[in-house]
Participant: 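Please see the structure below; I have some questions.
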Amino acid sequence: MSGPTDPQANNATGAASETGTGVDHAHVRPLLEDDGSRDGPAILTWMVGLLLVPAGVLLALGLRGAADSRDPRIPDLIAEHLPETGVSNPVTGVLLNFRGYDTLLEVAVLVAAMVAVWSLDRGQRVFGLPAGRARDEPVLAAVLRLAVPTAFLTAVYLTWLGSSEPAGAFQAGALLAGAGVLLTVARVMRPPTAAALPVRIIAAGGVAGFVVVGIAVLPFTGAFLAYPEGWAYPLILGLEAALAVAVAVILVELFVDVPSIPAPDSTLDTVDPTGDPLGRALAPDATPPDPGAP
Amino acid sequence: MTEPLTVGFVLDGLVALLLVGLVFRLLRTRHLFEAIMLYVAYGLTLALAWVRLGAPDIALAEAALGAGVTGALFLNAWHRMAVRAGADERLPMESDP
Amino acid sequence: MTGAELWTTAAVFGPLLAALVALGGRPWTLKAGLALGSGTALAGSLGLWVEVTRQGPVRHLLGGWGAPLGIELWADGFSVAMLTVTAVVGAAVSLYSLSYFGDLSELDAGASPAGRAARYFAPLWLLLWAALNGIYLSADLFNLYVSLEILGLAAAALVTLAVTPKATVAGMRYLIVSLVGSMLFLLGVALLYTEFGTLSLEELAAAAPAGPMAAASLALMTVGMAAKTALFPLHAWLPPAHAGAPAPASALLSAVVVKGSFFILVRLWFAVYGGASDGGLLLMGGLGAAAILWGSVLALRQRSLKRVIAYSTVAQLGYLFIMFPLLAPEGLGAGGASGPASPEWSDDAWTGGILLALSHALAKAAMFMAAGNMTYAVARDALRDISGVAHRLPMSFLAFGLGGLSLAGLPPSAGFVGKWLLLREAISAGGWFWVAIITIGGLLTIAYVLMVLRHALDLKASSGDFRPVPKRMEWAALLLALAAATLGVRATETFQILLQGGVTPWS
Amino acid sequence: MTPLDLYAWAGVAVFLLALHAVVTRAHLIWKVLGINLMGTGVFLILLAAPARRDPLVADPLPQGMVLTGIVVAVAATALALGMALRVMSRTGSPFLTVDPESADPDPDAPEPPS
């Protein structure tokens, strides 16, 4: 084992760049810049490019005038059935009624990404001001005082507006997440941690709400997520609210919980690459290597 | 080329060209920070394209999620790399208990 | 509400809800989640098996809309067979994982890699399970895309539960391949929607897609799905990912996850495109043949236990693509002439090919779990290090042997019945090339299985350190291996269900 | 040729440029950028190419698909970035340098002939 895989070398360079006063240019370059020396030979780049040119020409020719030459059957059908969806914005109708199952799975993708990011590394390391500093910075404090309540109100409004106008839960969730990240980085709010049960419950709430509503209507309408007569609007509004909050929490998690380099728990770097994939010791009673040991 | 050349057509042409140009530039550059900034610019241009295509819902979502959140995610990753590389010490990394 | 609605709901949304339960992060929530997910998936697949046997393919109009505005769930024999084998493998691996990840009461800290793996394996796997069942039941192109993304993200994360640098890199590579494959698939979906104005597989099948744009979509989606299925020559990501992952994850990835994209390929090529063209089918078969030879030869050259099994997956997946040209036997004699494939599908090739997919799922899961037991015991992965392990883990040794028996296609295993049916079809169609490939592949399989067994039996170099293996882990592997080895005896029921809907359910 | 065609063609160009970058560039962050951009290329095609009744309003079904696609892309990008950062923390390099094919886990075992 040598080079970049060597745990010792890995730790040593990490320590050097942290304690060093100046910018370690030799180290910055490979991380933040890419001089292209790792890319394949230039001939390969050109050959892949030449392969893709005819594909592009074919696709462009095939797509030429496509929008005008086809029958707009689906837009007509959507316009015809929109009154039955309980909302007047056709996009919201598609997302929460016609194709509500896709939206359910879409939030499940967010949950999957969040759980996957949690599984990558321990705890969280947030970049930001030292705790309590936001109060001493008048400009920042003013921005926070103004921006965060505005974002919150706008998010509520966007969620409600989604049933009739171009807006909805995902836009609102993104806005809320922006406010959350701002508060976290300014250290006004403790970042939500993966270990906190409320975080898990809210993050799961979007999918859970969808599945529970879907199953609850099953005995009445005979199909998953088929809203009973007259219930579509309130159910959609409730689902949108749960979605907005869940999306916001998940996006903040995806922001604060990605790993940092180097990982502080140095035990991870001393894993024997030939042994147990989870880095466990062979003997069941053997103590794991002390993380604080030099 | 049966249609007359209108202002709208020229505007759409410029937006489409700008989109492709930004992508070409950001995928060719060797500097990560520049690429991320170009990505955010691309996202905002894309929001404009969605408006021109008659999809205001998507324009709003693109500005918030595509350019905003995704740009922030890339910047976050860049920052973590920059701290590791010793290039950025303004915002120190803190470990929460 | 009829049985179809109830059982499809259980199969897809049961594991999804269970994933949320498992997210609770306590030992009891993990156990409850795995129990709920296994229970609903088993109940859903068995319920659908009965339903489909009784009344043929069934559907569930989600949201009450139906195609083309809404999304339909659709279950025919092929879906039910895949659902069932996934449920059986999934339940066994879930049981196995409870012991493999060790003492669950210590997972609260989540600070050690082992603690994190114990904590997040169950939610990730249950999300993946829901996505897989969703794929087997989906009759909508865009819905398939969203399910594929859950599948891809969760699968890559399962690989990186292992902390070695190699596993991390392998997981990253897997994620990139998987995401690029999804993007190619999505472009194909966009082209098909533009051209035909529908996302419903059934409506597309009725439209009989043809023409340059339809061909371009099929090509894009095929490349994307072939990359995810690790079809030669897009297989390079698979061995490091499957060999580097923790044992339960390896078992799932090799046994069922690659089958998800394979299922989509079969649906697209036959149910939607009606066989596309003879030339295309021969090309897929040729790639499958190359995969058999290349994967088997490389499996023989590996020096680590899990890499042998991983390369064996590359090879065994090849057999599933040999089914493509054999399904349309008339095309074989034409020597690759293009044109619409024959509407006469071969029942032998269909039941044989899918039976091979099912038996590979059972056998490969058993073999990866048995290998996991051996490496768990000696905490080493090299073939040399498992020397003599057969005497200390006789059950795992037996499980590995029985799994290998099924892979190699020896009677009475399901692998034997499947290969025999494919061989019979190839012989009757005069496709001697395929006969040769199937035979050579079987011999190479026997060779690499014996290579592993020889090391395990080697008494002279028995290693000293040995960690006791929980009995539950040994039983899980052995039961699946027994199922694989004896499924051939009960193959008739499988044939009956596979012929419900058959190769082209919508024609 | 209509304005819609311009956007559809831009989508094709963006998709292929991004695919090219994912295949040929070694730096992980550019690969992730490329995957994300491939998605936006498809979104351009999805909103510009399918049939529409009103030339000024996009078909709502593709709009729903694109909105779903954007959220999925955010999730996939976040995980890919997290995984790329972990690759850097484990190998010290933003490239896929540890070739999983090359190293044999057992240092004493004879190298497999290649």
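Proteins come first, then strands; the chains are lettered A, B, ... in the order of their sequence lines, and each starts at number 1. Computed from heavy atoms alone, side chains included, the values below leave out hydrogens, waters and symmetry copies.
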Participant: Could you please spell out the steps behind the side chain to side chain contact (heavy atoms under 4.5 Å, CB included) verdict for A/Leu251 and A/Phe170?
Facilitator: CA-CA 11 Å; A/Leu251 290 179; A/Phe170 293 100; over 6 Å; no

Participant: Quick check on C/Thr194 against chain A: is it the side chain, the backbone, both or neither that has a heavy atom closer than 4.5 Å?
Facilitator: both

Participant: Measuring heavy-atom distances to chain C, does A/Leu63 have an atom under 4.5 Å in its side chain, in its backbone, in both, or in neither?
Facilitator: both

Participant: With a 6.0 Å cut-off on the ring centroids, do C/Phe13 and A/Phe224 count as close?
Facilitator: yes

Participant: When heavy-atom pairs shorter than 4.5 Å are enumerated against chain A, which of C/Leu158, C/Leu128, C/Leu16 gives the highest number?
Facilitator: C/Leu16

Participant: What part of A/Arg73 gets closer than 4.5 Å to chain C, counting heavy atoms only: side chain, backbone, both or neither?
Facilitator: side chain

Participant: Pick one of side chain, backbone, both or neither for C/Pro212, based on which atoms fall under 4.5 Å of a heavy atom in chain A.
Facilitator: neither

Participant: With a 4.5 angstrom heavy-atom cut-off, is it the side chain or the backbone of A/Val109 that approaches chain C, or both, or neither?
Facilitator: both

Participant: With a 4.5 angstrom heavy-atom cut-off, is it the side chain or the backbone of C/Tyr193 that approaches chain A, or both, or neither?
Facilitator: side chain

Participant: Mind checking whether C/Tyr145 and C/Phe142 have parallel, tilted or perpendicular rings, split at 30° and 60°?
Facilitator: tilted

Participant: Which bit of A/Ile215 comes within less than 4.5 Å of chain C, counting heavy atoms only: side chain, backbone, both or neither?
Facilitator: side chain

Participant: Let's test your reading of the structure: which of C/Ile71, C/Leu127, C/Leu151 forms the most heavy-atom pairs below 4.5 Å with chain A?
Facilitator: C/Ile71

Participant: If you count heavy-atom pairs under 4.5 Å between each of C/Gly70, C/Ala157, C/Pro68 and chain A, which one has the most?
Facilitator: C/Pro68

Participant: Please classify the contact between C/Leu148 and chain A as side chain, backbone, both or neither, with a heavy-atom cut-off of under 4.5 Å.
Facilitator: neither

Participant: Could you walk me through whether A/Tyr227 and A/Thr221 pass the side chain to side chain contact (heavy atoms under 4.5 Å, CB included) check?
Facilitator: CA-CA 7 Å; A/Tyr227 309 116; A/Thr221 55; over 6 Å; no

Participant: Please confirm whether C/Phe101 and C/Tyr120 have ring centers closer than 6.0 angstrom.
Facilitator: no

Participant: Select, from A/Val115, A/Leu225, A/Leu104, A/Leu110, the one with the greatest count of heavy-atom pairs under 4.5 Å involving chain C.
Facilitator: A/Val115

Participant: Before accepting this row, confirm whether a basic side-chain N of the pair C/Asp140/A/Arg99 lies closer than 4.0 Å to the acidic partner's carboxylate O.
Facilitator: yes

Participant: Between A/Leu197 and A/Arg200, does the side chain to side chain contact (heavy atoms under 4.5 Å, CB included) criterion hold? Intermediate values first, please.
Facilitator: CA-CA 5 Å; A/Leu197 193 61; A/Arg200 291 158 180 261; 4.2 Å; yes

Participant: Tell me yes or no: between the side chains of C/Lys306 and C/Ser250, is some donor less than 3.5 Å from an acceptor?
Facilitator: yes

Participant: Under a 4.5 Å cutoff for heavy-atom pairs, which residue among A/Ser119, A/Ala204, A/Ala113 has the most contacts with chain C?
Facilitator: A/Ser119

Participant: Give the C-alpha distance, both sets of side-chain angles, the deciding distance and a yes or no for side chain to side chain contact (heavy atoms under 4.5 Å, CB included) between C/Arg384 and C/Arg303.
Facilitator: CA-CA 8 Å; C/Arg384 248 182 21 165; C/Arg303 291 292 173 271; over 6 Å; no

Participant: Is C/Leu23 close to chain A through its backbone or its side chain, or both, or neither, when contacts mean heavy atoms under 4.5 Å?
Facilitator: both

Participant: Between C/Ala117 and chain A, which part of the residue has a heavy atom less than 4.5 Å away: side chain, backbone, both or neither?
Facilitator: side chain

Participant: With chain A as the partner, which of C/Leu17, C/Val146, C/Thr8, C/Val12 has the greatest number of non-hydrogen pairs under 4.5 Å?
Facilitator: C/Val146

Participant: Among C/Ala216, C/Ala219, C/Gly24, which has the most heavy-atom pairs under 4.5 Å with chain A?
Facilitator: C/Gly24

Participant: Can you tell me which of C/Ala162, C/Ser147, C/Gly171 forms the most heavy-atom pairs within a distance under 4.5 Å of chain A?
Facilitator: C/Ala162

Participant: Where the side chain of C/Asn143 meets the backbone of C/Ser138, is there a donor-acceptor pair that is under 3.5 Å apart?
Facilitator: no

Participant: Does atom CD of A/Glu229 have more than 12 heavy-atom neighbours, drawn from other residues, nucleotides or ligands, at distances under 6.0 Å?
Facilitator: no

